[in-house]
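In what follows, a structure is listed as structure tokens, so that the remarks can point back to it.
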Amino acid sequence: MTALRRLDRRWLYLGVLLITVAAAVWPLRIAPRPTRETRTAFDLAQALQPGAGVFVYVEYGLGSREEMDPMLAAVLGHLADRGAHIVIAARSPEASQVAETVMGGVAARDPAYAKGYGQTWVNLGYRPAPDVALRAATSGIAAAYNEVDYAGRPLAGMPILQALRALNRTYFALAYAFDSGDGFAPMIYYVGTPTGLPVIIGAISMEVPLLQPYLAAGQLAAVIAGARGAAEYEALAGQPRRADVLVGASAMAAIYVLAVMLLGNLVARRP
Amino acid sequence: MSTSLAVWTGALLTLAVLSFLYDDNPAWRITEHLYVGLAAGYGLGYTWQNYLRPVLLNQVGAPGGWIWIFPLVLGALLYTRYIRGWEWLARFPMGIWIGYGAGYILAYLPRVVVGQVTGSMVALNSLSNVALLVCLLGGFATFVFTLPDRPGLIRTAGRIGRYAILIALGVAFGGTVLYRFTLLYGQVHFLVHDWLGLGH
Amino acid sequence: MRKELPIWLGTMAGAFVVATRWFTLVNATGVDRMADRLIVASYAAAAAVGFIGLTRVHLRAIDARRPLWGYSIVLLVAMYGYAGLLFFLPASAPLPSWIFLNVMGPVFSTMYGLIAFFITSAAYRAFRVRNLESGILLAAAAIALLGNSAVGGRIWHGWDGLVAWIMAVPVTGGFRAIQVGAALGALGTAVRVLLGLERSHMGSPQG
């Protein structure tokens, strides 16, 4: 018992490593039952008419790709299936390039998007002072993004932004934020609440509890919660199943951490 | 095992970061400094590519572009913090930005707060709705520190609110564990699958 | 003048934003949109502040041969190398993109994932039931862990409903109290800034 009480933390680390290696070598696929929130997010996208405007704001960077990429890809894939016109913007340089990479993968599967840049989708990139740029977009997207996209190409020749002029209910049907902590508040403050545009947040598992007050008050239309939410959405939208293994790995991690917590308590209680 | 340079680079860097778990070592320190350096270089370089070059340099030269000189000078004043005797000039951009941000808060936050308050006005026709109201009022009572001798009702409500907040924090902890493990799983999967060629 | 003028300019900038938001006439002129674009541009002009700060700190470390100064060279080479590359090439060009995906990607992801180890160690040493409060915290964490990883739903079919109820009631109530309190605090601070009472962003009292 004394040995357990003075357990070197590196033994616990080794356990973490073994669990994740085991999950990687023998992947466990778990397809969770969809929660009401994920189903709501799916239903809202499913109801879109072809050509409906959708704004996708990407906040997460390289560090959160493992949890968020499958979710973003599933939602973008579903939006492409519905024929939505997708305007992407990012909150940071990293997020801009991540969004470009994920959307590139989704577009490659669909001819309307593979050759439809400027018509069916556009990536506006990132602007310094992102809150200010986001708010400015609610009264005029092209002006807020200085008439150029993320690569400096002029927006004036792009039909998508002739039709979708401002980030509000007149032009857009839905707004998304794919977020690792910093992007949901500006979407609620400057887009959802002032314009009444329904906002859906794709969130890392860590921040889901923080979103509950906004969800309950109707300030958010839906939340897609972490790897589990991604797996649920993939199943509902018939997208490639990439997140089931993440839920399986989460399950193994959850059991390990609970066992560690239990052991810690048992050791502390024994004289 | 992989023969790709990209995979080997990623694998060795991943192992270098993980080596910190055993102890501090030069491989970790190199990667740590690489992390900071690349992040800073990328941030500036991307801003140049994505904004400064296509937007500002083009617009300053265009007819009527003189107006962009003002923000450029304003932002550039921030660099005076590195010039001895001229540091005070950096207060101009800071003052304007903070004032502008404060204006944003005053202009946009009240409606969100009112939405939260009206969202709490639920019909007390179910146990869950009553419990929600009790948790919310209790949560407020938890942070009442200004009364020197808190009345019994506030103390009791504060205790209930504290329990609600602890539940919320416990749930947030659960989410944090799963989030962090998912990220780690991604890199371990990369090592096992892409680098070593094991597993499915 | 050195402190009062920036404060006054800040007050005017904040009052301008409030006016454009609440008075349609001001809003209709489009002056708010122009102001937003100018503010974004001013931020961009200051984008190299961190870059210069890091350069100064690490050049000093190298110059003074401080302990571990060699790592400062690594940092500066990486920082100037990557920024320089992006100065001439777009981020989507093969080389910058390769560095982004194969150097930055693994390092950033592993750095973030490293927390999984520390959080496990903390769970072993700190997550102990000593009283009712710590018991509630641990029980909530356990329910969420099993629920969000879909294990709970396999153990008992009502588990997902339990998690949904916890989210809808105590989590909503608890976090709403914190968030409304924080929002009121932010509003109070914003008023203080506009009135010139909050001056901490002006730096030291000298100068």
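So you know, we letter chains A, B, ... as the sequences are listed, proteins then strands, and number each from 1.
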(request) Over 60° means perpendicular and under 30° means parallel, so classify the ring planes of A/Tyr126 and B/Tyr46, tilted if in between. (result) tilted
(message) Which atoms of B/Val171 are under 4.5 Å from chain A, going by heavy atoms: the side chain, the backbone, both sets, or neither?
(response) both
(request) Go through the side-chain N and O atoms of A/Glu66 and B/Gln187 and say whether any donor and acceptor fall under 3.5 Å apart. (result) no
(message) Side chains of A/Tyr57 and A/Asp179: any donor to acceptor distance under 3.5 Å?
(response) no
(message) Between B/Val112 and chain A, with a heavy-atom cut-off of 4.5 Å, which part of the residue counts as in contact: side chain, backbone, both or neither?
(response) both
(request) Measure B/Phe190 against the heavy atoms of chain A and call it side chain, backbone, both or neither at under 4.5 Å. (result) neither
(request) Determine the option with the most heavy-atom pairs under 4.5 angstrom with chain B, choosing from A/Ser180, A/Gly152, A/Ser96. (result) A/Ser96
(request) Count the heavy-atom pairs under 4.5 Å between each of A/Val245, A/Val257, A/Val132 and chain B, then report the option with the highest count. (result) A/Val132
What side-chain donor-acceptor pairs closer than 3.5 Å can you find for residues 181-196 of chain A, not counting sequence neighbours?
{"from": "A/Thr193", "atom 1": "OG1", "to": "A/Ile188", "atom 2": "O", "distance (Å)": "2.8"}
{"from": "A/Thr195", "atom 1": "OG1", "to": "A/Val191", "atom 2": "O", "distance (Å)": "2.4"}
{"from": "A/Thr195", "atom 1": "OG1", "to": "A/Leu197", "atom 2": "N", "distance (Å)": "3.2"}

(message) What part of B/Leu21 gets within 4.5 angstrom of chain A, counting heavy atoms only: side chain, backbone, both, or neither?
(response) both
(message) Quick check on the 6.0 Å ring-centre criterion: do B/Tyr108 and B/Tyr104 meet it?
(response) yes
(request) Against chain B, label A/Glu207 side chain, backbone, both or neither, depending on which of its atoms sit under 4.5 Å from a heavy atom there. (result) neither
(request) Give the member of B/Leu109, B/Leu183, B/Val192, B/Leu191 that has the highest number of heavy-atom pairs under 4.5 Å with chain A. (result) B/Leu183
(message) Can you confirm whether the side chains of A/Glu67 and B/Tyr179 place a donor and an acceptor under 3.5 Å from each other?
(response) no
